[in-house]
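Worksheet for the structure shown next.
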Amino acid sequence: MESVNDWQARLEDTTLDPARKTTRNYYAFLFFLLAVTGWGVYAYSLQVRRGLVVTGMSDRISWGLYITMFVFFIGISHAGTLISAILRVSHAGWRTPVTRMAEFITAVALITGAFFVIVDLGRPDRLINVLVFGRWQSPIVWDVLAVTTYLTASVVYLYLPMVPDLAFFRDRQAPWVSRPKHMLYRILAINWRGTSDQKRHLRRAISIMMILIIPIAVSVHTVVSWIFAMTLREAWNSTIFGFFFVAGAIFSGIATLIVVMAILRRVYHLEEYITPRHFLYLGYLMAAMGGVMIYANLSEYITAGFKFEEGTEFLFRQLFIDEFAPYFWFYFIGGLMTPVVFMFIRRLRTIGGIVTAAVFVDLGMWVERYFIVVTGLRAPLLPYEPVNYAPTWVEWSITAGGFAFFALLITLFVKAFPIMAVWEMTEERREEFEEMVEYEHEFDGEEILASGVPDSAPEPETGGPP
Amino acid sequence: MNRSSRSLSETIRAVGPLWLAVMSSALLAAAAGIRGLPGLLLITIGVGTAVAVFARLRNRQTSQTVVAHDATGGNLQVLLRMIDRRTAIRMFGMSALFIGPMGGVPRALELLAGQQVPEETQSPFSRIRQWAMIIDLRYCDGCQSVGSPPRCTAACVEGHLLPEPMQWIEVFEDELEGEGTRFIPIPCQHCQNPPCVNVCPVGATFSTPEGLVLIDQERCIGCRICMAACPYDRRFFNWGEPPVPPEAHLAKYNLEAQVPALKGTVMKCDFCPDMVRAGTLPYCIQACPNQAIYYGDLEEDIATNGRQLVSMAAFSAEHNAFILKEELGTQPRVFYIPGHGEAVGRVPSRTGRLPTVWPWTRTAPGGDVWSR
Ligand code: SF4
Ligand code: SF4
Ligand code: SF4
């Protein structure tokens, strides 16, 4: 059997690989992302100069794609919290290889999401007013507070478990990286030597953070939903909104994690560490959240539809039959049912199937965020004809820029930082190995005592390891 | 006693007095109306000393060890020693995490600047007016009889130099129960429980003591959550560069008139407090050919449409006045007397009104136009 040290060396090599080798495709992809982001920045500069008149929004539908993107990305950010905090708390050992990616998605998605609030402002130049004149009574201020707290916490939570790996980069990269990069690792590794004292402190810090970050994450998406639920609009007037948004956030967070995982696995040959089992478990989690979402939707629409108050007819008609029906049914069937159905059918329970379902979930959740924002605003408040909203090319460009920016940050991160928690994975492997050795010894002893046949396999029926 | 519960009780014992000191000084300062930093510091020192003395007395009786360790130290040291370094760091770390990103900044800035809340505007007659409107729908025919677009809207547009397509007072045509329609002019309702004010993150929309809801366009950040929140669709956004006539550029910005308009901010009917202070009625009321709109003071219980004076209470009670969307609890300051223009000879089956136009914008070239 392969010793732990060999195993560790191979893992280290795999983790270092992205930072060591840069392919031509990588540059091409990077260039593509930069171009799209740049295009978005150009569109935004136009919007700053001319005002929001360049968008499709109007007084009667005063929020659109930007707020959709904000809600969507803040939702995506729940990937990290779920995987690393909740699974860490529940001691789910399989999560270790994917935590780093999840945590990074969190931080990047938050940055992207927060950015879209600023894009949506009519007066971004007065952003500072929120700090100077902030009123605690306003849901927007809750949001600012929650998102910045979450960002701080998740950057810390990303960074802490990465310290030993940064130290490893520092020690291993010296010969071939440039000086500034080496400096960066030196500073970031804050003199990590891997002493038992340091390890103890780190463990404590991580366990404090993992508890702390769960309520923060829940609060974040709750207050995001309250931006809507705190208004007197019929479509948003719902007590379930906080829960609904948090569930949706976790749901789309898992889906995004699955997609990112699949891509990195393929590109950087992580097949050994990110196994079908990871996809399977995350797929089950996703299906479970899909079930929760279906339940939440039924609960929301059946309670409203049974009473059928004045105004409900308009909302239901536009959502289920008319303008937004394609979106809604795509969301409901494509986004919510797909992961559940896929996980029930064995033939679809493969990596390909799960990734497909995850893509559907992401699309579905994006569409859901969109129609929640727009249908809520479209319902007329006074006797006038409802107006329609069609995003302009500026909005689409900035939206595309946002997605590209998100991908860009991930692409850059992969190049510069360890994408897997080498340190934790090695430790776990070591423990596992030791346990196995111990167990084997015990077992051997017993076997000898019982039957006197020294080299029989532990479980004769299944054959055992060769 | 196990370790964790001991350290917990220690923490509580250690943090308690300090917490008490800070909280009570803040309370005292607030009660005394002290806003400047010096006052706050003084009180903190005073209360801090008191608590420290108290802590020392208590410690002498209960916790020998603390005092024994502190043979030489003063009150402050006693207090400080009660908090060990770990606890302190943990406390600071935790609080920084929650408050750090932005928490104390605005308060601290205000305290540092010793900023005073501006004196609220008082009415010249030492009583605070409570402005309100009564719109008598029996007299409103959507200006069908004079053959023009609604004149209240037109006058408001002209008076406030509104960009197209803003109609701060908008005349809607509403289906009646049974046959036909009625016209209903709707300005901002000046809610007393205003959803728009409640949600504004920067206090750019605010209520005045006179019961008006105004907007400071020089503070508004353009987040538009107020537009989502207003249940009467009465808020308008400057989506583009609003047209501004040359002479308005010279005017000093005035939030009571909202001239000149500023790109990227929200505007709405302001109830014309500047006009009223000057002793005239708002534009919309002056322009109504049928004198359908009354403006008045709930406090003095009097209102006028420019021709006659009425008692607000009696007039609205007599004619069964109602408010819009009462069930929402927004408590509007605009009351409606039911009708469909019958007093000026309109029959409900005669539908349609002329669309509003913005003729003044021709004098201000270069402004953007957007759609509603
Ligand atoms: S009508 Fe709308 S804008 Fe006017 S005070 Fe009420 S909520 Fe605010
Ligand atoms: S758009 Fe302006 S007035 Fe409205 S809530 Fe935002 S900051 Fe306040
Ligand atoms: S009260 Fe003044 S601002 Fe309001 S609708 Fe009338 S004229 Fe316009």
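Remember, it's a predicted structure, so these values are computed and weren't measured experimentally. For the numbers below, each heavy atom of this structure counts, side chains included, while hydrogens, waters and symmetry mates do not. Per chain, numbering begins at 1; letters A, B, ... match sequence-line order.
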### Task
Heavy-atom pairs under 4.5 Å with chain A are the metric here; pick the option from Cys196(B), Ser371(B), Cys220(B), Pro165(B) that has the most.
Cys220(B)
### Query
Is a donor on one side and an acceptor on the other found under 3.5 Å between the side chain of Lys263(B) and the backbone of Leu52(A)?
no
### Query
For chain A, which of Leu324(B), Asn198(B), Asn238(B), Val266(B) has the most heavy-atom pairs under 4.5 Å?
Asn198(B)
### Val202(B) side chain near Val130(A) side chain, heavy-atom distance below 4.5 Å
yes
### Heavy atoms from other residues, nucleotides or ligands near CD of Glu327(B) exceed 12 (cutoff 6.0 Å)
yes
### Query
Do other residues, nucleotides or ligands put more than 12 heavy atoms under 6.0 Å from the CZ atom of Phe115(A)?
no
### Query
With Ile140(A), which of Cys223(B), Cys226(B), Cys200(B) fulfils side chain to side chain contact (heavy atoms under 4.5 Å, CB included)?
Cys223(B)
### Summary
Between the CD1 atom in Ile61(A) and the CE atom in Met227(B), the distance rounded to the nearest 0.5 Å is 11.5 Å
### Task
State the CD1-CZ distance between Ile221(B) and Phe133(A), to the nearest 0.5 angstrom.
11.5 Å
### Query
Looking at Pro383(A), Gly51(A), Ala146(A), which one has more heavy-atom pairs under 4.5 Å with chain B than the rest?
Pro383(A)
### Task
Identify which part of Arg233(A) has an atom lying under 4.5 Å from any heavy atom of chain B, answering side chain, backbone, both or neither.
side chain
### Lys/Arg N to Asp/Glu carboxylate O, Asp233(B) vs Arg60(A), below 4.0 Å
yes
### Query
Between Ile67(A), Val117(A), Thr231(A), which residue shows the highest count of heavy-atom pairs closer than 4.5 Å to chain B?
Thr231(A)
### Message
Let me confirm one number: the CD1-CG distance from Ile186(B) to Leu382(A), rounded to the nearest 0.5 Å.
### Response
4.5 Å
### Task
Sort out for me which of Gly264(B), Gly240(B), Gly203(B), Pro201(B) touches chain A most, counting heavy-atom pairs under 4.5 Å.
Pro201(B)
### Task
Sort Pro231(B) into side chain, backbone, both or neither according to what part of it lies under 4.5 angstrom from a heavy atom of chain A.
both
### Heavy-atom pairs under 4.5 Å with chain B, option from Met230(A), Arg50(A), Arg126(A) with the top count
Arg126(A)
### Query
Is a donor on one side and an acceptor on the other found under 3.5 Å between the side chain of Arg135(A) and the backbone of Val197(B)?
yes
### Query
Measuring heavy-atom distances to chain A, does Glu175(B) have an atom under 4.5 Å in its side chain, in its backbone, in both, or in neither?
neither
### Message
So does Gly222(B) get a backbone contact from the side chain of Arg123(A), meaning a donor-acceptor N/O pair under 3.5 Å?
### Response
no
### Query
Which region of Leu232(A), side chain (C-beta onward) or backbone (N, CA, C, O), has a non-hydrogen atom less than 4.5 Å from a non-hydrogen atom of chain B, or is it both or neither?
both
### Message
Need one label for Val48(A): side chain, backbone, both or neither, based on atoms under 4.5 Å from any heavy atom in chain B.
### Response
backbone
#### Entry: Distance-only side-chain donor-acceptor flag, Asp59(A) / Trp239(B), under 3.5 Å
yes
### Message
So for Trp142(A), is it side chain, backbone, both, or neither that comes closer than 4.5 Å to the heavy atoms of chain B?
### Response
neither
### Query
Should Ser62(A) and Arg224(B) count as side-chain neighbours, where that means a heavy-atom distance under 4.5 Å?
yes
